[in-house]
Amino acid sequence: MIGHIDKEINSFLLSLVDGSNKEKINTIIEKYSISITETLNNGHITTNVCMVAASILKLNSAELALKLVEKLKLLNLFEAVEAADPGFINVTLHRKDFVSIINSINDIKERYGESDIGNGKKIQIEFVSANPTGPLHVGHGRGAAYGDAIGRILKATGFIVQKEYYINDAGRQIDILTASVILKIISSEISEYFPQNAYKGEYINEIGKNFIKKTKASYQNLESVLDVQKLYLGSKDDDEKEIDAVISSLKDLNIDLWDSVKKFSVKEIVDSIENDLRKFNVSFDNWFRESSLGNINDNSSIIASSINKLKRDGHAYEKDNAIWLNTEISGDDKHRVLVRDDRRPTYFASDVAYHKDKIDRGFDTLINIWGADHHGYIKRIEASIEALGSKKEKMIVKLVQFANLYKNGKKVKMSTRSGDFFTLENLIDEIGSDASRFYYLSKQADQHLDFDLDLAQSDSKENIFYYIQYAHARIYSLIDKYNKNVDIKSLNLSSIEKNSYNQCDDLIHEISKYPDVVTKASNTLQPHLIIFYLRDLSQLLHSYYNDNHVLSESNENIEAIISCLSSVGVVISNGLNLLGITPIKKM
RNA sequence: GCGCCUGUAGCUCAGCUGGAUAGAGCAACUGCCUUCUAAGCAGUGGGUCAGGAGUUCGAAUCUCUUCAGGCGCGCCA
């Protein structure tokens, strides 16, 4: 129906102007909206086109509205078409058309809400990408839930989506991890030495033990392969220098042991991260390793060729023995170092090469989901994208703010270095994957979130997660009670169609809004819109349920009601699925 | 100092590509379980949308400005 009106509006607009003003018409078409009304008081469909047109063409909006009303009436498609101040047009559908949404939903089920607005555009979403130096914590959980949800939403709206995890398996943090594991192995046998800046969590111990178990044949006696007396070269005055000294002496002492512990540790941690994410119902299509960008000294590597191209094109230059990138192109406030004066590349250099590689892989849009503390990093990456000859608009960075956990009314402390923290796995074990995802997504991603564990487990209406699930469960238990084997599509809708039963009208109106909600969530990358919509829909369902005793209605009414409630259930289920949450049928 | 985010009911938040009387939950008060799940429903009270100025037929929404809070500004990752 909206399609019909849209078409009519376009020809109406063209009739208002002569050929020279086509540009203004396009502006109007871009700006006006046509949508399902907020409440049934204003009919079923509304548009503000006359007000928008009036302001751009300097005409009177009320007069335009009257003209358009006449035109729409001539179509003979609607029950009523009315103008409302100061220029709204409200369309009331024939009852049969208004109700027909029930059958279409029951017909296409899980596809209701899907669209092709993405038009097959290829989008890549890179998220989580936590350093493989320890388990995922609750901060990572929010990015995981968010990235996965927008992946599902974009896919449902016609985009081709790839979800990618970038593994920082090269660089200093990994060296510290490797050193930590080796020192744990030694210290359990030989000495107690452990630098301040090494990783200390229990998981380091576990990795050490597993390494010994799996490789005891080749490294039976650690003392023979590693002369630990030489370890104490490091200066103990400076924590940073100390760990660096330990790293380089461990490498010098036995590079084979170093490499094999490094490989083993990264694998152990990546496996455990993948495992946690699986429990969280998050999967990735691709795991990209920083190490695959290659070595800066190898001219054929991605990282070297990226830097060489930047230098060739005059965007990167040498100064003070380092290589710098001019990032002013994007409004960054200073130039950034790509390669240090000791010829080691910075983290930024890897990221420049990584983004070049992503663009070379042919995506139309790259979505990066980063912790909000990285926002200062956006401009320099944009600059590198432009400098490499692409458009910075290709990349969209979505920032995810920190989440604070509260338990028994108190903030749960989190600190990574001490090794004592609340992991994502802890969270899932405590309240479940679905409730966790729900609360992570219940607020805009770029704003601080207070995550209340007690609320997420409580039995009250305040716990929106269960409020929505309860609505879904009520519908299915009612259908079961009516007839466990009912074929919904065979039910007769006539008593709602004939308006002899209209208590479901608010529900019907609400479910007809759902596709707009999904579209908006996709356009704005905001999954929380779906949560708030589902809460409103659930509220209408609970209210209806309380006021009406379905199974004591006439047979004809029951058939129509069950059919309608089933379509409501489909919508709740579809919405939850877009968030990666499994709808429940029994509480 | 510069950049980003935020300020809406006592509390936690929706609403922000401008649109119809500013919404919801909690808390307070009042009702509803012999009937399909009370993890529910109905009702009452509660607002200078931080302050000011501007653009507009129309501003919580856009612009400017002031105030308040958070975060970021490494040859760290």
Side-chain angles (χ1 to χ4, degrees), chain A residues 30-33 37-39 41-42 46-48 50-52 54-55 60-62 84-88 90 131 133 168 170-174 176 240 290 319-324 331-334 336-351 371-379 399 401-402 442-444 446-450 452 455 458-471 473-482 520 523-524 528-529 531-533 535-536 538-539 541-553 558 561-562 565 586-587:
Chain A
E30 239 167 70
K31 284 185 76 176
Y32 87 87
S33 69
T37 53
E38 205 48 52
T39 78
N41 300 333
N42 294 331
T46 186
T47 176
N48 63 355
C50 295
M51 275 125 47
V52 174
S55 99
N60 181 301
S61 61
D85 281 337
F88 286 105
N90 295 328
N131 282 347
T133 53
N168 294 104
R172 185 158 173 269
Q173 294 305 317
I174 295 300
I176 296 177
E240 296 291 327
E290 181 184 3
K319 192 183 117 194
D320 304 334
N321 293 322
I323 300 176
W324 297 72
D332 198 13
D333 51 358
K334 53 188 141 187
R336 307 289 171 173
V337 170
L338 288 164
V339 182
R340 300 178 178 92
D341 55 11
D342 61 5
R343 308 321 281 176
R344 290 179 336 190
T346 59
Y347 176 86
F348 176 51
S350 294
D351 248 7
D373 52 333
H374 286 69
H375 73 79
Y377 204 71
I378 298 173
K379 282 192 171 159
L399 298 175
Q401 269 292 359
F402 298 114
S442 65
K443 211 180 152 180
Q444 286 191 47
D446 62 352
Q447 290 178 32
H448 287 280
L449 173 74
D450 288 333
D452 186 337
L455 171 64
S458 79
D459 288 356
S460 71
K461 181 176 182 176
E462 202 182 347
N463 185 347
I464 316 169
F465 172 66
Y466 279 109
Y467 184 76
I468 293 168
Q469 292 282 23
Y470 187 33
R474 272 184 150 171
I475 291 169
Y476 282 92
S477 104
L478 188 59
I479 293 174
D480 263 7
K481 204 145 249 169
Y482 168 66
K520 194 168 181 191
N523 285 335
T524 60
H528 78 280
L529 296 177
I531 287 193
F532 283 94
Y533 168 78
R535 195 206 48 199
D536 291 345
S538 301
Q539 144 118 61
L541 185 278
H542 287 305
S543 175
Y544 171 82
Y545 188 93
N546 260 270
D547 293 347
N548 301 278
H549 195 262
V550 176
L551 297 181
S552 38
E553 290 285 340
I558 293 180
I561 295 165
I562 292 287
L565 295 188
K586 258 204 174 79
M587 297 292 281

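Sequence lines set the chain letters: A, B, ... in the order given, protein chains first and strands last, and positions in each chain run from 1. Owing to the predicted nature of the structure, the values given are computational and were not obtained by experimental measurement.
Close to B:C13, at under 4.0 Å from its OP1 or OP2, lies no side-chain N or O of A:Q444.
With sequence neighbours excluded, no residue forms a side-chain hydrogen bond (donor to acceptor under 3.5 Å, both in side chains) with A:S61. Contacts of A:Y476 classified as ring pair (Phe, Tyr, Trp, His ring centres under 6.0 Å), with partners at least two apart in sequence or in another chain: A:H472. The ring pair (Phe, Tyr, Trp, His ring centres under 6.0 Å) check on A:Y470 picks up A:H542, with sequence neighbours excluded.
Note on A:T46: a base of the nucleic acid sits closer than 4.0 angstrom, heavy atoms only. In this structure, A:S55 reaches the bases: a heavy-atom distance under 4.0 Å links it to at least one base atom across the strands shown.
Residue ring and nucleobase are stacked for A:F88 and B:A20, with a centre distance beneath 5.5 angstrom and an angle between planes beneath 30°.
Side-chain contact of A:T133 with A:Q173: a donor-acceptor pair under 3.5 Å is absent, judged by distance alone.
When the P atom is compared between B:C5 and B:U17, the two are found 15 Å apart, to the nearest whole Å. A gap of 24 Å separates the P atoms of B:C71 and B:U65, to the nearest Å.
Taking atom CZ of residue A:F465 and atom P of nucleotide B:C13, one finds them 20 Å apart after rounding to whole Å. As rounded to whole Å, 16 Å separates atom P of B:G15 from atom OH of A:Y533.
Closest to the side chain of A:N41, out of B:C36, B:U21, B:A39, is B:U21.
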| said: Does the protein touch nucleotides 69-77 of chain B at the base, only the backbone, or not at all? Give it as B, S and - per nucleotide, heavy atoms under 4.0 Å. | reply: -SBSSSBSB
| request: List the protein contact pattern of nucleotides 40-46 of chain B with one symbol per nucleotide (5' to 3'): B for base contact, S for sugar-phosphate-only contact, - for none; contact means a heavy-atom distance under 4.0 Å. | output: BSS----
| query | For RNA chain B, what string of dots and brackets results from 5' to 3' when Watson-Crick and G-U pairs need both distances under 3.5 Å, crossing pairs get [ ], and pairs with another strand get |? | reply | (((((((..((((.....[...)))).(((((.......))))).....(((((..]....))))))))))))....
| query | Run the salt bridge (Lys or Arg N to Asp or Glu O under 4.0 Å) check on A:D341 and A:R344 step by step: do they pass? | reply | CA-CA 7 Å; A:D341 55 11; A:R344 290 179 336 190; over 6 Å; no
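Counting all heavy atoms, side chain and backbone alike, A:K586 lies closest to A:A473 at N-CB, 4.1 Å.
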